[in-house]
Amino acid sequence: MANLESIRHSASHVLAQAVLRIYPNAKLGIGPAIENGFYYDFELPVSLIPEDLIKIESEMKSIIKENLPIVKETLSKQDAMKRLQASGQTFKQELLSELPDTEDITFFSQGDFSDLCKGPHVAHTRDIKAFKLQKISGAYWRGKETNPMLQRIYGIAFETKEALTAYLTLLEEAEKRDHRKLGKELDLFSLQDKAGAGLVYWHPKGARIRHIIETFWKEEHFKRDYELLNTPHIGQSWLWETSGHLGFYNENMFAPMKIDEQDYYAKPMNCPFHILIYNSSLRSYRDLPLRWAELGTVYRYERSGVLHGLMRVRGFTQDDSHIICTPDQVETEIFEVIKFAKYILQTMGFNDMKYYLSTRPKGAVGDISRWEQAEKALRNALAMENIHDFEVDEGGGAFYGPKIDIKIKDAIGREWQLSTIQFDFNLPDRFDMTYIGQDGQKHRTIMIHRALFGSLERFFGILIEHYAGKFPFWLSPEQFRILTINDSDATTAHAKSTLDHLKRSGFRGTLDDRNEKLGLKIREAQVQHIPFALVIGDKEAQANQIALRKRGEQTTQLLDLNEVTQLFQGLQTQKVN
RNA sequence: GCCGAUGUAGCUCAGAUGGUAGAGCAAACGAUUCGUAAUCGUUAGGUCGGCGGUUCGAUUCCGCCCAUCGGCUCCA
């Protein structure tokens, strides 16, 4: 049985073969199997347009139909080079020249096509049963901006037609939940293209959800002995020189503004400000740990081409926190943060989490023993929370310290990184953060950066897509809508008193008493994904009841106001739907 | 930033080989008083992303810019 990676890899070869048949002068870049499919990079005399994909795809289909055997050849490096020179494949020559001289060089061929490749591949082209070309894009040769840009063709490939269809359905589903689309439809947020790219405007409904999230976040922090900070949005250049950001983070910072002859920078991070508060008085070991959190809005310059809805923006609010502690407090602090993150994420509706430990990279600051201790603390904290299946990214840590990242899976199985817990061996040194220990001496403080959501904007985007706009009751900006059937005095009075009562009980809702048909009102409530429609007409008014229709359901339930209030109360406090 | 595509009414979109544009929904007004996903009619609404050029005339052709989309790259 051909494995999926071979299928995808072979599909990329078939793609290259098809392109060469159509454009014999094409130069090949690389063509690997990737998640869900494959791509191949080409240098072509013309710019491909989407319609070209159809042509290339049908050429691929005929290659598959020809059922060419895919054969492996082993050549010496010298012979391989000769072959690549003969075919004029300069990019391949470059790849080959970097392979060790001793190695046997393998080529894979099918029919008139032959490619430098280490394999593996399927045996015959007909083993590629289900594929589809997806899109064209530019891609730098070997990912380097100074290199020429090649044209990349992406495709997807699966073992069976069914699997391919299933994947396409998933893509459709993802498109339906796209937060940019839902953000508009549900009037949650906007990006104002004339007022600046990558800057988010939260509309009333989005801002309401954000308020609920923030309130919850703050309350949970207070429960865990955090204190909140508020710090400025701009700071003088010496701060960023001291922190080092002007050196190593400069390209992500907005240009400075001059105020009274001084350069001020919009903050790309909150840490230096928190450190200033820490350093504003002498700290004793008795004061530690300090857990300081801030919903801090930062500004980072992102290149225009990478901006993406709420997921990648230029101004965003981090749910930032710095834990400042002594070395022997580290382990429990991290353990507590992991528990905290887990609780918060689960409450927001994410139950599938994965943990990643990133260790010391090359060129890291701080001595190795500190790193080792820190990594041990991270491992121990994970173990304390009974997390043993975490992945280790060796050398994947930031240069200033190791970290734990938490990724969640959303409702359609996509992974997103949210929480991060990072040691910082850099800033405490640079800002000379100390505390007075039991011995009366100054000691270097430990600083841990930590975010649970990462950025509120991005988290909101993920949340919208996770719920496809159908937010659970406690998060819904409009939890109920009262729909009147007619405008009789009895109906109106009952509707108004119901609204009044529910609002005074702490629920969010509106009254739709427009002169419209019930069908329309129901439809609009459904389209807006309002959790409950409360229908009131003369019958209900007379019986002092409410016909309650739950989002997504076609049936109604007759309840009295008390029962509705209780139902809402339960959903609200349990934070489930 | 780079490659490619796109930008027309609040939204979704149509349209003219250069003679200043249309639909549906939404809106306003009027009629309808209605029982669980769209009642009917009327009206209004646009410097056709921005700036410049060619032209008698540009939303249409050309250039530059801005933004969006798909990638590349980046995420110390």
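Proteins get letters first, then strands, A, B, ... in listed order; numbering begins at 1 in each.
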What's the gap between [N] and [M] when it is taken at their [atom1] atoms, as a whole Å value?
N      : M      : atom1 : result
B/rA16 : B/rG7  : P     : 13 Å
B/rU6  : B/rU42 : P     : 37 Å
B/rG4  : B/rG63 : P     : 13 Å
B/rC11 : B/rG52 : C1'   : 31 Å
B/rC25 : B/rU39 : P     : 11 Å
B/rU17 : B/rC72 : C1'   : 37 Å

Rounded to the Å, how far apart are [X] [atom1] and [N] [atom2]?
X        : N      : atom1 : atom2 : answer
A/Glu516 : B/rU39 : CD    : P     : 7 Å
A/Asp41  : B/rU73 : CG    : P     : 9 Å
A/Asp512 : B/rA37 : CG    : P     : 15 Å
A/Tyr140 : B/rC74 : OH    : P     : 10 Å

Residue of the set A/Val313, A/Thr317, A/Leu418, A/Leu310 for which side-chain contact (heavy atoms from CB on, under 4.5 Å) holds with A/Arg458: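 Among the candidates, only A/Leu418 passes.
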
Which nucleotide wins on minimum distance to the side chain of [X], given the candidates [options]?
X        : options                : answer
A/Lys135 : B/rG71, B/rC74, B/rG1  : B/rG71
A/Arg312 : B/rG70, B/rA67, B/rC74 : B/rC74
A/Ser137 : B/rG35, B/rG71, B/rG49 : B/rG71

With a non-hydrogen cut-off below 4.0 angstrom, is [X] in contact with a base, only sugar-phosphate, or nothing?
X        : result
A/Gly305 : base
A/Leu191 : nothing
A/Asn252 : nothing
A/Asn250 : nothing
A/Ala197 : sugar-phosphate
A/Leu520 : sugar-phosphate
A/Tyr400 : base
A/Arg152 : sugar-phosphate
A/Ala547 : base

Taking only N and O in the side chain of [X], is any of them less than 4.0 Å away from OP1 or OP2 of [N]?
X        : N      : value
A/Tyr39  : B/rG71 : no
A/Lys184 : B/rC11 : no
A/Arg180 : B/rU68 : no
A/Ser304 : B/rG1  : yes
A/Tyr301 : B/rG1  : yes
A/His308 : B/rU68 : no
A/Arg514 : B/rU33 : no
A/Ser47  : B/rG4  : yes

Looking only at the aromatic ring of each residue, does the gap between the centers of [Y] and [X] stay below 6.0 angstrom?
X        : Y        : value
A/Trp416 : A/Phe350 : no
A/Phe532 : A/Phe568 : yes
A/Phe38  : A/Tyr40  : no
A/Trp240 : A/Tyr249 : no
A/Phe158 : A/Tyr167 : yes

Quiz item: A/Arg303 side-chain donor-acceptor pair to B/rC75 base, under 3.5 Å: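 No, no donor-acceptor pair under 3.5 Å.
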
Base B/rG35 to side chain A/Glu540, donor-acceptor N/O within 3.5 Å cut-off: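 Yes, the side chain and the base share a sub-3.5 Å donor-acceptor pair.
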
